[in-house]
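Data first, discussion second: the structure below is written as structure tokens.
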Amino acid sequence: MVRSRWPELLEERKEETKKTIETLPPLPNDENYDMIVLRFAPNPDFVLTLGNARPAILNYAYKLKYERLGKKSKFILRFEDTDPKVKRPFIEDPQIRERYSEKDLINYKFIIDDLEWLGIRPDEIYVQSDRVVEGIYYDVARRLIEIGGAYVCTCPEDVWRRYRDSKQPCPCRSRNVEENLELFEKMLNGEFKEGEAVLRIKTDMSHPDPSVRDWVALRIVDAKHPRLVLKYGEDAAEKFKVWPTYNFAVAVDDHLMNVTHVLRAQEHRINTIKQSYIFRYLGWRQPETIHFGRLHIEGATLSKSKLRELGLRYDDPRLPTLAGLRERGILPEAIWEIMLNVGIKSSDARISLANLYSINRKYLDERANRYLAVIDPVMIEVEGIDKELIICEIPYHPSHLERGKRRIEIKTENGKVRLYISKNDVELLRKKRKIRLLELMNIEYMNEHDGKIITRLVSYDLDTARRERLDIVQWVPAEDNVRIIVERVDKTPLTEKEFIKEIGLAEPELARLGKGEFAQLFRYGFVKVIEHRDGELLLRFVHE
RNA sequence: GCCCCGGUAGUAUAGCCCGGUCAAGUAUGCGGGCCUUUCGAGCCCGUGACCCGGGUUCAAAUCCCGGCCGGGGCACCA
């Protein structure tokens with residue numbers, strides 16, 4: 001009743017609850033900044049996963065939001081690759097070496113591609129390993145030493161740990177500035193080996209969280225950085241063995257890049273505290289920080305290391321990497337919608353596949369035209385045809401008639417036509433006796449012998465089918481069709497190398513679709529065209 | 001063990017800061033119906049939630065305390 005009387009009222013309420021870039025809550029203290037600067041800072045040890053999409057999209061969404069509000073804003077992409085050993089950049093992967101030139105590798109191209117696919121174009125791109133070469137972190141380190149905010153610690157790790165756990169300063173903490181400066185230069189000159197010296201930030205030895213106590217800002221790593229090797233050569237890479245830790249590099253870069261707001265996952269909460277010491281020592285303004293929860297997706301892990309361990313291609317359509325989802329047929333619009341829907345809550349979010357598919361279907365439904373295809377084809381004969389030639393015209397999309405129709409012609413031989421229908425629908429035919437062939441005619445089951453199913457024409461008109469409530473099934477002409485193979489990614493376990501496949505036949509028109517295009521096969525589901533080969537069409541099942 | 005977060009229907013989210021308008025909205029799922037030459041889309045109806053216990057208050061999903069559960073952190077990883 002409310003609906004019929006005040007439909008516009010309900011419309012309005014609907015609008016209010018739909019989440020968009022505009023409905024994102026404002027960033028804290030946004031009025032204090034002339035320009036809002038946001039950043040997305042992945043480690044290039046693997047391609048991006050759905051988990052990374054949350055910070056990437058949310059940060060970029062805020063850039064767009066402020067831009068639309070008429071405020072200057074900027075989105076920075078920063079590669080955080082300051083561990084050449086434990087988290088080696090993904091460029092070592094031979095798969096990628098094959099497909100990309102070294103120049104591309106140096107750009108950490110896959111992550112840029114992933115972002116591009118999401119429609120995210122960074123205003124600026126930085127790579128921390130380049131900034132190590134530029135000496136940026138070393139300069140800040142020297143300044144910290146000079147003002148007494150940092151010291152070189154030469155304690156063996158276990159010895160330091162005992163001091164830390166008992167909240168006592170180690171002897172190194174009381175070294176004077178000159179000694180520290182001298183020792184730091186020795187670190188840079190290669191006079192210490194890995195583990196022999198680190199630069200520590202003076203924090204608070206009685207901080208309740210032990211990891212905050214005099215945390216390490218720079219350490220020696222005895223491994224050549226793969227990217228530096230590629231970019232500058234072995235000898236040059238050899239020179240850079242002192243690497244900033246995550247917290248140090250982030251604090252320095254966030255300041256130098258004028259980052260105003262940091263949106264990141266809640267596992268970084270303690271890092272904000274650690275970084276605050278740098279900001280205080282140097283008199284810098286620390287960015288406003290928002291921590292959101294982690295993301296989980298039904299039936300998959302989003303842990304990069306676990307995904308790598310699976311040993312699958314990074315873009316395997318079963319993987320929740322952005323590349324995998326893209327291969328799978330998930331559209332970037334759907335990922336945006338989910339991320340905006342999940343928002344910046346600090347609790348974890350669990351995304352269900354039903355939800356993901358439903359959102360994706362909304363966008364795919366518009367895009368994908370409809371085609372006839374049968375899985376496990378079974379031939380049937382229809383007798384009693386009174387025409388030489390049966391012609392039918394099927395619209396490409398029921399909601400978009402402007403896209404036109406294609407014509408399918410079937411020749412009659414001795415008053416008979418032969419067609420294929422799906423094995424499933426043969427059961428239906430036997431049970432219900434009468435069915436309608438979509439856009440073609442109504443038929444009735446007669447008998448079957450020698451594996452041949454004989455039916456006869458009832459009528460061509462749709463009204464009969466409606467009146468008798470006949471089931472409508474899709475079909476494919478016996479003479480003119482194309483073989484299809486559908487990869488059932490959804491049914492294939494991760495442990496299988498080969499995808500489970502379904503084979504069938506489709507109307508020839510389907511073969512006109514190009515690689516990467518989408519179709520909806522009547523009563524089957526959405527598929528993506530993978531490739532054409534020798535008259536066969538390889539498709540991938542997306543979802544129903 | 002210690003230190004942080006967080007807990008609204010199967011799932012996700014709105015509301016919580018500024019207590020009443022919330023017998024809690026939306027999306028998805030599920031059940032039913034309509035429509036449709038698809039088991040898709042659309043439309044309609046229904047289903048279903050404030051973690052538990054105390055307290056404050058005329059009034060609590062909203063504030064306070066305790067418990068339980070979940071997550072994260074406790075690296076010379078990021």
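Values reported hereafter were calculated over all heavy atoms of this structure, with side chains retained and with hydrogens, waters and symmetry mates removed. Letters A, B, ... mirror the listed sequences (proteins, then strands); counts begin at 1.
Residue contacts shown for R269(A) are limited to sugar-phosphate atoms, with no base heavy atom under 4.0 Å away. Backbone-only engagement by V342(A) is indicated by non-hydrogen atom pairs under 4.0 Å involving sugar-phosphate atoms exclusively. Heavy atoms of D425(A) sit under 4.0 angstrom from at least one base atom. Nucleic acid contact for E157(A): base, since at least one base atom lies under 4.0 Å from a heavy atom of the residue. At the heavy-atom level, R161(A) lies under 4.0 Å from the strands shown only through sugar-phosphate atoms. When heavy atoms are screened at a 4.0 angstrom cut-off, N355(A) is found touching base atoms of the nucleic acid. Within 4.0 Å of A349(A), counting heavy atoms only, lie sugar-phosphate atoms of the nucleic acid but no base atom. Residue contacts shown for E80(A) are limited to sugar-phosphate atoms, with no base heavy atom under 4.0 Å away. Here R164(A) lies in heavy-atom contact (under 4.0 Å) with sugar-phosphate atoms only. Here L438(A) lies in heavy-atom contact (under 4.0 Å) with a base. The residue H268(A) sits close to a base: some heavy atom pair falls under 4.0 Å. Contacts of P42(A) with the nucleic acid, taken as non-hydrogen atoms under 4.0 Å apart, are absent. Y357(A) comes within 4.0 angstrom of no nucleic acid atom, judged by non-hydrogen atoms across all strands.
At a cut-off of 3.5 angstrom, the base of U38(B) holds at least one donor-acceptor pair with the side chain of R370(A). Side-chain to base pairing of Q520(A) with U38(B): one donor and one acceptor N or O lie within less than 3.5 Å of each other.
No more than 12 heavy atoms of other residues, nucleotides or ligands shown are found within 6.0 angstrom of NZ on K239(A).
The same atom, C1', is picked in A60(B) and in C4(B); the two are 26 Å apart, to the nearest Å. With P as the reference atom, G6(B) and U28(B) are 30 Å apart, rounded to whole Å. Separation of the P atoms belonging to G29(B) and C76(B) is 48 Å when rounded to the nearest angstrom. Rounded to whole Å, the C1' atom of G67(B) lies 23 Å from the corresponding atom of G73(B).
Separation of the Y246(A) and H268(A) ring centroids falls under the 6.0 Å cut-off. Aromatic pair F526(A)/F541(A): centroids not less than 6.0 angstrom apart.
Between the CD atom of Q128(A) and the CG atom of D83(A) there is a distance of 11.5 Å, given to the nearest 0.5 Å.
In summary, the side chains of D214(A) and Y163(A) do not present any donor paired with an acceptor at a separation below 3.5 Å, with no hydrogens or angles considered. Side chains of R403(A) and N369(A): a donor-acceptor N/O pair is present below 3.5 angstrom, by distance only.
Contact annotation: R294(A) reaches the phosphate of G72(B) (side-chain N/O to OP1 or OP2, under 4.0 Å). A sub-4.0 Å separation between OP1 or OP2 of A78(B) and a side-chain N or O of R219(A) is present. Between T82(A) and A78(B), a side-chain N or O to OP1/OP2 separation shorter than 4.0 Å is present.
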